[in-house]
2 protein chains.
Amino acid sequence: MSVETASLFAALGDRTRLSLLTKLSDGQSRSIAGLSAGTDLTRQAVTKHLRILEEAGLVISSKVGRESQFAFRPEPIDDIRAYLDSVSQQWDDALSRLRTFVER
Amino acid sequence: MSVETASLFAALGDRTRLSLLTKLSDGQSRSIAGLSAGTDLTRQAVTKHLRILEEAGLVISSKVGRESQFAFRPEPIDDIRAYLDSVSQQWDDALSRLRTFVER
DNA sequence: CATAAGGGCAACCTCCTGGTTGCCCTTATC
DNA sequence: GATAAGGGCAACCAGGAGGTTGCCCTTATG
C-alpha cells in the first residue's frame with residue numbers, strides 16, 4: 001500500500017470528507033467553490049478537507065484556469081478492501097477451524 | 001447502518017486500533033493485559049482504544065472473572081463494504097456512461 | 001480596465017485525541 | 001489472609017483537527 005492503511009481510514013473518518021468523496025465518486029470533477037456551495041462550511045474548510053483526501057490519494061487535483069478541479073481517484077479503495085478482506089478471511093478461517101473442532 | 005459510517009472509518013483510522021483489531025480478528029478473545037503485552041503503550045491507552053472500537057461495534061467485551069475479554073465483531077465490516085461498493089458503483093456507472101458517449 | 005470570482009496562505013481559536021499517572025477496587029493465588 | 005494481577009476512574013497534558021477570518025494574488029468578465 002502506498003499510503004498507510006490507517007491514514008486512509010482516517011481520511012474517510014469524517015462526515016464532511018465522506019460526503020465530499022461520495023459527491024465526487026459520480027465521476028464529475030468539481031472546483032472548490034462548487035464543492036463548498038450547498039455546504040455550511042467555509043471555502044477554506046472545504047479546501048483543508050480536500051487536501052487531506054488528496055494526501056490519502058482518494059482525490060486528485062489539477063488547476064484549470066483560475067479553478068482547482070478535484071476528481072475522485074478509486075485506487076486506494078482497493079487497499080481498504082484488501083484490508084477488510086484479510087480481516088474477514090482470518091475471521092472465517094477461525095470459525096471454520098472452530099466448527100471442525102466441534103464436529104469432530 | 002447502526003453506527004455512523006464516518007465514525008466506523010474513524011475507529012479504524014488509527015494504527016494502534018487497526019492492529020488491535022487485526023489481532024482480534026483471529027477469533028480469539030483477549031484480555032486488556034493480553035492486548036497490552038508486547039505494545040509500548042500503557043494498559044490505560046489500550047483500554048481507551050478498545051472502548052472506541054467497542055462503541056463502533058467492531059469489538060465486544062465481556063467480563064470473565066477479574067478480566068475483561070474482548071472479541072472481534074465482524075458485522076460493521078459489512079457496512080463499510082456497503083459504502084465502498086456504493087462509491088465504486090457510482091464510479092463504474094460514470095465510466096461506462098463516458099465510454100458509451102465516446103464510442104457513439 | 002475595473003471588478004468579481006476562484007483560490008492560496010497564514011494566523012488564530014477551540015475542542016478532541018492519544019497518551020500518561022495515581023489511586024482504588026476486585027479477583028486470584030500462594 | 002496477604003499479596004499480586006487485572007481493571008476502572010479521574011485528572012492532567014501536549015499536540016493535532018476542524019474551523020474561521022483577513023489579506024493578497026490571479027484569472028475571467030462586463
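Chain identifiers are assigned alphabetically (A, B, ...) following the order of the sequence lines, protein sequences preceding nucleic acid strands; residue numbering begins at 1 within each chain.
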May I have the list of side-chain donor-acceptor pairs in residues 34-47 of chain B shorter than 3.5 Å, sequence neighbours left out?
{"unit_1": "B:Ser36", "atom_1": "OG", "unit_2": "B:Ile32", "atom_2": "O", "d": "2.8"}
{"unit_1": "B:Thr39", "atom_1": "OG1", "unit_2": "B:Leu35", "atom_2": "O", "d": "3.2"}
{"unit_1": "B:Thr39", "atom_1": "OG1", "unit_2": "B:Ser36", "atom_2": "O", "d": "3.0"}
{"unit_1": "B:Thr47", "atom_1": "OG1", "unit_2": "B:Arg43", "atom_2": "O", "d": "2.8"}

N/O-N/O pairs, protein side and nucleotides 23-30 of chain C side, under 3.5 Å:
{"unit_1": "C:dT27", "atom_1": "O2", "unit_2": "B:Arg66", "atom_2": "NH1", "d": "3.2"}

**Request:** Using the ring-ring contact (aromatic ring centres under 6.0 Å, His included) rule, collect all pairs that involve residues 50-75 of chain A, keeping only residues at least two apart or in two chains.
**Result:**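 As it turns out, the ring-ring contact (aromatic ring centres under 6.0 Å, His included) pairs with a partner in residues 50-75 of chain A, which skip direct neighbours, are A:Phe72-B:Trp91.
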Go through the structure and list residues passing side-chain hydrogen bond (donor to acceptor under 3.5 Å, both in side chains) with [X], not counting sequence neighbours.
| X | value |
| --- | --- |
| A:Ser88 | B:Arg81 |
| A:Arg51 | A:Glu54 |
| B:Asp93 | B:Gln89 |

**Residue list, salt bridge (charged side-chain N to carboxylate O under 4.0 Å, His left out) with B:Arg97, at least two apart or on another chain** =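 Counting only residues at least two positions away or on another chain, B:Arg97 forms no salt bridge (charged side-chain N to carboxylate O under 4.0 Å, His left out).
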**Asked** Which angle, to the nearest 10 degrees, lies between the helix axes at the two ends of the helix from C:dC1-D:dG30 to C:dC30-D:dG1, each defined by five pairs?
**Response**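 Answer rounded to 10°: the end axes differ by 20°.
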**Request:** Among residues two or more places apart or on two chains, list those pairs meeting salt bridge (charged side-chain N to carboxylate O under 4.0 Å, His left out) that have a residue in residues 59-77 of chain A.
**Result:**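 Sorted result for residues 59-77 of chain A: A:Arg73-A:Glu75.
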**Request:** Please list residues of residues 7-37 of chain B whose heavy atoms come under 4.0 Å from any atom in DNA chain D, ordered by number; otherwise none.
**Result:**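 Heavy-atom contacts with DNA chain D come from B:Ser31, B:Ile32, B:Ala33.
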**Prompt:** Can you find a donor-acceptor pair, distance only, under 3.5 Å between A:Gln44 side chain and C:dG7 base?
**Reply:**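 No, no donor-acceptor pair under 3.5 Å.
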**side chain to side chain donor-acceptor pair (under 3.5 Å): pairs with one or both residues in residues 21-35 of chain A, sequence neighbours excluded** =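 Those involving residues 21-35 of chain A are A:Thr22-B:Tyr83, A:Ser25-B:Gln90, A:Asp26-A:Arg30.
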**Prompt:** Where along residues 46-54 of chain B does a heavy atom fall under 4.0 Å from DNA chain C?
**Reply:**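 Hits under 4.0 Å, by residue number: B:Lys48, B:His49, B:Ile52.
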